[in-house]
Protein chains: 2
Amino acid sequence: MSENANDPRIVRTMHMLREALLELMEEHGFERITVKDITSKAGLNRGTFYLHYADKYDLLEKTTEDMMQGLRKIAQTFDPLDLVMHEFPDTPFPFTVRLFEYFGKHARFFSVMLGPKGDPSFSVKFKEFMQVHLMDKFNEFHHSEDRVPVPWDYLMAYLISAHLGIVQYWLEQGRDHTPWDIALMFTRMTQLSPIQSAGLKK
Amino acid sequence: MSENANDPRIVRTMHMLREALLELMEEHGFERITVKDITSKAGLNRGTFYLHYADKYDLLEKTTEDMMQGLRKIAQTFDPLDLVMHEFPDTPFPFTVRLFEYFGKHARFFSVMLGPKGDPSFSVKFKEFMQVHLMDKFNEFHHSEDRVPVPWDYLMAYLISAHLGIVQYWLEQGRDHTPWDIALMFTRMTQLSPIQSAGLKK
DNA sequence: TCATTAATCAACATGAAGTTTATTTTAGGA
DNA sequence: TCCTAAAATAAACTTCATGTTGATTAATGA
């Protein structure tokens with residue numbers, strides 16, 4: 001394992017390994033891949049892999065951590081007040097647009113990881129991210145412990161999973177809408193009931 | 001591979017292999033398991049495994065198919081009219097109760113498969129099931145191609161994923177509510193907007 | 001130019017996969 | 001109860017990926 005210097009050879013090698021991982025995951029899914037597959041695709045010696053990563057799980061983990069880091073950085077720009085103030089149904093929350101731009105930029109990674117050949121523990125990680133950085137900001141609104149239609153934690157599970165589903169579907173469809181359009185759908189579905197969203201009642 | 005007779009030895013062996021698979025998946029997740037692990041846990045010879053299944057993927061697939069078969073059987077009892085007629089906010093759709101009873105009965109399987117150590121392609125299969133057996137029954141309601149708040153397919157993706165999220169969360173929490181209670185939450189969240197569900201607006 | 005270190009290459013031990021053959025055990029009908 | 005067919009066991013074997021090691025070659029940057 002190398003002391004991650006800024007030696008251009010190391011940077012280049014690690015980048016090639018991560019690219020190869022993504023390409024192979026798109027084809028076969030993570031578990032069907034071998035270290036040999038990865039290094040072959042990257043055009044590197046198998047031994048070189050072990051100079052940088054303990055095994056393929058380590059490689060995936062490091063790659064994932066990079067992506068989560070990017071998400072956390074965007075999450076810092078989120079102010080729940082924006083959302084509370086937001087009353088205009090024809091414009092999305094700006095923060096949501098930024099998120100989708102990031103998903104689009106790293107579409108291959110998110111598409112694979114959140115797809116049928118991906119890693120279910122990544123979906124959990126992603127949900128935790130939404131819980132901590134988005135949902136928990138609204139905890140102050142539910143001091144009403146008494147008779148609510150649905151328990152708070154189940155409502156959170158519902159919303160988080162619903163939002164994840166939109167991200168997955170968007171990526172699956174090859175990003176047939178702009179980040180702005182998808183963000184607008186988010187905004188609307190959160191404000192309306194499913195029946196209203198379908199346009200069945202006003 | 002055996003012609004699946006009704007030889008009690010075969011039935012017993014296959015049952016033990018499936019039980020062992022589930023127990024090991026709970027501990028380590030599917031991919032970390034070896035055929036040797038499975039047969040050891042089941043107290044069987046490794047060679048015996050290959051008399052019935054091609055590999056561990058085959059075993060998982062057959063087990064999964066059994067579960068989906070059970071779901072399809074329940075889905076046959078679903079009548080969309082029940083749902084349209086249903087106006088009482090304090091009772092769940094009976095069909096939904098039956099579904100959750102089934103999840104509860106096979107909690108170990110669904111809990112593992114839909115959890116962080118599970119198989120993401122099973123979640124996809126499960127979503128397809130909901131799409132075909134539940135959502136598609138309502139296609140007749142969206143002839144309005146024009147200006148709707150959210151495209152129909154994205155609304156479906158949102159709802160299906162949201163419902164999956166509830167199932168996952170319920171199993172994750174160790175089934176802290178009865179099937180009846182969960183089914184009622186379903187009913188309410190479908191009828192109300194997220195904000196109403198939280199009890200913030202009426 | 002030269003010392004450092006990354007990358008390559010070849011070899012090795014380990015362990016799981018999947019197959020095969022022979023042997024033992026079990027089920028169920030005559 | 002006995003007998004036959006088939007299931008389960010046991011042991012051996014090939015193949016392949018893993019992770020490691022030591023020697024060699026190539027690239028970096030001072």
Side-chain angles (χ1 to χ4, degrees), chain A residues 1-64 66 112 117-119 121, chain B residues 1-64 66 112 117-119 121:
Chain A
M1 204 78 60
S2 73
E3 322 306 313
N4 46 331
N6 36 16
D7 189 317
R9 291 171 293 182
I10 296 182
V11 175
R12 182 174 156 276
T13 294
M14 292 177 91
H15 183 255
M16 289 172 82
L17 289 174
R18 290 178 187 208
E19 282 302 307
L21 175 72
L22 282 183
E23 284 178 39
L24 287 167
M25 281 184 73
E26 278 182 312
E27 292 174 52
H28 313 290
F30 181 68
E31 291 299 340
R32 303 282 187 161
I33 298 173
T34 68
V35 171
K36 193 171 165 29
D37 292 336
I38 298 170
T39 51
S40 295
K41 172 80 69 172
L44 295 170
N45 190 275
R46 193 169 66 88
T48 306
F49 180 95
Y50 294 102
L51 294 174
H52 302 287
Y53 302 102
D55 50 33
K56 65 173 184 167
Y57 298 96
D58 188 39
L59 169 60
L60 180 65
E61 203 175 291
K62 299 281 169 60
T63 307
T64 299
D66 278 4
V112 172
K117 291 175 183 167
D119 177 358
S121 80
Chain B
M1 205 77 61
S2 74
E3 322 306 315
N4 47 331
N6 37 14
D7 189 316
R9 292 170 292 182
I10 296 181
V11 174
R12 181 173 156 277
T13 294
M14 292 177 92
H15 183 254
M16 290 172 82
L17 288 173
R18 290 178 187 208
E19 282 302 307
L21 175 72
L22 283 182
E23 284 178 38
L24 288 167
M25 279 183 72
E26 277 182 313
E27 293 175 50
H28 314 290
F30 181 69
E31 291 299 341
R32 302 282 186 163
I33 298 173
T34 68
V35 171
K36 191 169 166 28
D37 292 335
I38 298 170
T39 51
S40 294
K41 171 81 68 173
L44 295 171
N45 189 276
R46 194 169 65 87
T48 306
F49 180 95
Y50 294 103
L51 294 174
H52 301 288
Y53 302 103
D55 50 33
K56 65 173 184 168
Y57 298 96
D58 188 37
L59 169 60
L60 179 66
E61 203 176 289
K62 300 280 169 59
T63 306
T64 299
D66 278 4
V112 172
K117 290 175 184 168
D119 176 359
S121 79

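Chain A is the first sequence line, chain B the second, and so forth, proteins listed ahead of strands; every chain is numbered from 1. Reckoned from all heavy atoms, side chains included, excluding hydrogens, waters and symmetry mates. Because the structure is a prediction, the values reported are computed rather than measured.
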Hey, is the side chain of H52(B) poking within less than 4.0 Å of OP1 or OP2 on dA8(D), counting only N and O atoms? yes

Can you check the D37(A) CG to dG19(D) C1' distance for me, whole Å? 16 Å

Within the supplied structure, the quantity of interest is the number of heavy atoms (other residues, nucleotides, ligands) at a distance under 6.0 Å from E61(B) CD; does it exceed 12? no

How many whole angstroms separate atom CG of N45(A) from atom P of dT18(D)? 14 Å

Check the distance between dT4(C)'s P and N6(A)'s CG and give it to me in whole angstrom. 18 Å

Look at the side chain of R9(B) and decide which nucleotide, out of dA16(C), dT18(D), dA7(D), has an atom nearest to it. dA7(D)

Could you state the atom-to-atom distance from CG of D58(A) to P of dG19(D) in whole Å? 10 Å

Calculate the interatomic distance between I38(A) atom CD1 and dA7(C) atom C1'; express it in whole Å. 17 Å

Out of dT18(D), dA7(D), dA16(C), which nucleotide sits closest to the side chain of D7(B)? dA7(D)

Nucleotide nearest D55(A) when distance is taken to its side chain, options dG19(D), dA6(C), dA7(C): dG19(D)

When K41(B) is tested against each of E27(B), E19(B), M16(B) for side chain to side chain contact (heavy atoms under 4.5 Å, CB included), which residue passes? E27(B)

Closest heavy-atom contact between L17(A) and A42(A)? CD2-CB, 4.3 Å

L51(B), nearest nucleotide to its side chain (from dT9(D), dA17(D), dA17(C)): dT9(D)

Pair D58(A) + K62(A), salt bridge at N-O below 4.0 Å: yes

Would you mind reading off the distance between E31(A) atom CD and dA16(C) atom C1', rounded to a whole angstrom? 15 Å

Reckon T48(A) touches a base, only the sugar-phosphate, or nothing at all at heavy-atom distances under 4.0 Å? base

Nearest nucleotide by nearest heavy atom, which residue falls closer to the 5' end of DNA chain D, V35(A) or G43(B)? G43(B)

Rounded off to whole Å, could you give me the CD1-to-P distance for the I10(A) and dT4(C) pair? 16 Å

Using a distance-only test with no angle check, is there a side-chain donor-acceptor pair under 3.5 angstrom linking D37(B) and T34(B)? yes

For R46(A) and for T13(A), find the nucleotide of DNA chain C with the closest heavy atom, then tell me which residue's nucleotide is more 5'. T13(A)

In whole Å, I'd like the distance from the CZ atom of R32(A) to the C1' atom of dA17(D). 15 Å

